[in-house]
Amino acid sequence: DRHARALTALASALAMANPTDIHADYARWKTLVPFLYDWFAHHRLVWPSLSCRWGAVLERNEFKHKQRLYLSEQTDGSAQYPNTLVVTNVDVVKRRVAAAEHLAFEEESRSPFVKSWKKIIHPGEVNKIREFEARPSLLVTHTDAPELFVWDTETQPHRKTGASAADALRGSEADRAGEPSKPDLALVGHQENAEFALAVRRDAFEVASGGKDAQVLLWNVEDHDGGALWRASGVENGGDAVRKSPSRSPRAAALEPRHRFKGHTDTVEDVAFHPGSSGRELCSVACDSALMFWDTRRGAKPAHAVLEAHKDDLHTVDWSALDDRLVVTGGADAAVKLWDTRKLGATGADCCVHTFALHSEGITTVQWCPDRRGVFASGAEDGYLNVWDANRVGAKSETPERARSGAPEILFQHAGHRTQVSDFQWNPHDPWTIASVSSGDGGNTLQMWRMNDLIYRAEEEALAELEKHKDAICGVKRAAPEEKEGEEKVGEERDAAEPMVE
């Protein structure tokens, strides 16, 4: 039992990195990959990716399954290398079957688990991707424009880029190189660029967005299919002309929003739907440091507002699907905050349940884990992706080693990205599996990983598991069983009488 407890403490300590220097910590982290992860895959990207999203499972096999994964490519924007939305097929290794070679990697290597399947030339940089759970092949994207774009990735044609595109297009057709693909639908209504704030309802076809116009807009894509609100893009919208995308997007059918919410005073950076309100409730965060809650039944003004939610710009927000009382936010102040919606009648810090302080730079993304209540993750500009357990807030550290590793609520720290974590997502079809992307010097990587389950399992379960393998882990050799009197002699006579067969 003593050995098992020591190993549990060691596993917890190894799961905690040095939160102050990602570059110094990276070398140490690489040596610990076989101990920290059940499965890990590293894929070097040619271009930076600002967003990644899991898609549908295509086929299931005994030891792995094939699944869609969507990425963005932030290129130089030239005709030969335009910005693209990339559809890939990835192999996800199942729990507890990864071999040693599945945990080793070279920094410049491209993983055999990742295969590009289709490219869609996007009108401008792809800043964010979101998928409809009811139909994962249908995506919504944000770019540096007022419009949002809807894509059916199964029916969109594959577009060649790079040298292959130049070879394919000759003469008069050469002018088509790099021309954007035609979206299946454009969501219009923003009066200024809408770059990052984007959310899609889990159980429907509703889309929420925020932009530099400080507004939150809400659409239902099914309205287009019914023909109620769509029209050709470029005509006036509510008295204001919708600005044309700067990237020469082909004309597409356009859809007006159902609702328009006003209350923020600066750029809206992120939005999130209430998981069980049938799309009537949502929340948003903005560069005005405010966290606002909206209800379509209450009109265009906020239902609740926390005006000084953080000390700096707010970047990201997510609403828990497993406990709809809880909302988590992250901002430029490097803080991650947990909010209880039952306290929305209060103001300021009274609504905040806890502040998670371990990142050293601005938070880029937060997302709740779909597999365990109270668990969420945060990615930041410091290169770390932290996994937190809100259930541990206020708990006493189990061991001195665990206490030195950090606050009890920090469950795991992924240090595989040496530059800012641009985006990540928990895999909705494979528990505890995450895809994450980074960009910048030393970055431009996609990583798919699943932490060792001994880290998050209940202590008694982890101890029982470790006890089974205690001797092997601790290097203890089992004594050979004692032989009964007379058996050794018989064996020796047999060895002498029988020649060894090669």
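What's counted below: heavy atoms across the whole structure, side chains too, no hydrogens, waters or symmetry copies.
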**Student:** Looking at K212, I want to see if its NZ is surrounded by more than 12 non-hydrogen atoms of other residues, nucleotides or ligands under 6.0 Å.
**Tutor:** no

**Student:** For S51 and D423, which I'm curious about, is there any donor-acceptor pair between the side chains at under 3.5 Å?
**Tutor:** yes

**Student:** Name the residue from D371, V93, N427 that meets the side chain to side chain contact (heavy atoms under 4.5 Å, CB included) definition with T433.
**Tutor:** N427

**Student:** Does the ring centre of H414 sit less than 6.0 Å away from the ring centre of Y37?
**Tutor:** yes

**Student:** Do D430 and Q67 have side-chain N/O donor and acceptor atoms under 3.5 Å apart?
**Tutor:** no

**Student:** Report yes if the side chains of T88 and W117 come closer than 4.5 Å at any heavy-atom pair, otherwise no.
**Tutor:** no

**Student:** Between F196 and H315, does the ring centroid distance fall short of 6.0 Å?
**Tutor:** no

**Student:** Please examine the side chains of V387 and V375, heavy atoms only from C-beta on, and report whether any two atoms are closer than 4.5 Å.
**Tutor:** yes

**Student:** Heavy atoms only: give me the nearest A41-S111 pair and the separation to one decimal.
**Tutor:** CB-OG, 4.1 Å

**Student:** Assess the pair F40 and W449: is the distance between their ring centroids shorter than 6.0 Å?
**Tutor:** no

**Student:** Under 6.0 Å between ring centres: does that hold for W29 and Y384?
**Tutor:** no

**Student:** Is any NZ, NE, NH1 or NH2 atom of the basic residue among D38 and R450 found under 4.0 Å from an Asp or Glu carboxylate oxygen of the other?
**Tutor:** yes

**Student:** Determine whether V114 and M448 make a side-chain contact, defined as any pair of heavy atoms from C-beta on separated by less than 4.5 Å.
**Tutor:** yes

**Student:** Quick one: sort the W39 and F113 rings into parallel, tilted or perpendicular, breaks at 30° and 60°.
**Tutor:** perpendicular

**Student:** With a 4.5 Å cut-off on side-chain heavy atoms, are R68 and P136 touching?
**Tutor:** no

**Student:** Report the residues that fulfil salt bridge (charged side-chain N to carboxylate O under 4.0 Å, His left out) with R53, sequence neighbours left out, ordered by chain and then residue number.
**Tutor:** E131

**Student:** Does the side chain of T365 come under 3.5 Å of the side chain of T316 through a donor N or O and an acceptor N or O?
**Tutor:** no

**Student:** If the plane angle is over 60° it's perpendicular, under 30° parallel, otherwise tilted; pick one for W294 and F261.
**Tutor:** tilted

**Student:** If you measure from the Lys or Arg side-chain nitrogens to the Asp or Glu carboxylate oxygens, is any gap between R135 and E154 under 4.0 Å?
**Tutor:** no

**Student:** Please tell me if the side chains of F424 and V437 come closer than 4.5 Å, counting only heavy atoms from C-beta onward.
**Tutor:** no

**Student:** Is a side-chain donor-acceptor pair under 3.5 Å present for S109 with H42?
**Tutor:** no

**Student:** Any donor-acceptor pair under 3.5 Å linking the side-chain atoms of H142 with those of S209?
**Tutor:** yes

**Student:** Given the side-chain rings of W219 and H224, with only the six-membered ring counted for Trp, is the space between their centroids under 6.0 Å?
**Tutor:** no

**Student:** Given K66, which partner from the list V92, N61, D91 fulfils the side chain to side chain contact (heavy atoms under 4.5 Å, CB included) test?
**Tutor:** D91

**Student:** Does W368 reach the side chain of D323, with side-chain heavy atoms less than 4.5 Å apart?
**Tutor:** no

**Student:** Apply salt bridge (charged side-chain N to carboxylate O under 4.0 Å, His left out) to K94 and list each qualifying residue two or more places apart in sequence or on a separate chain.
**Tutor:** none

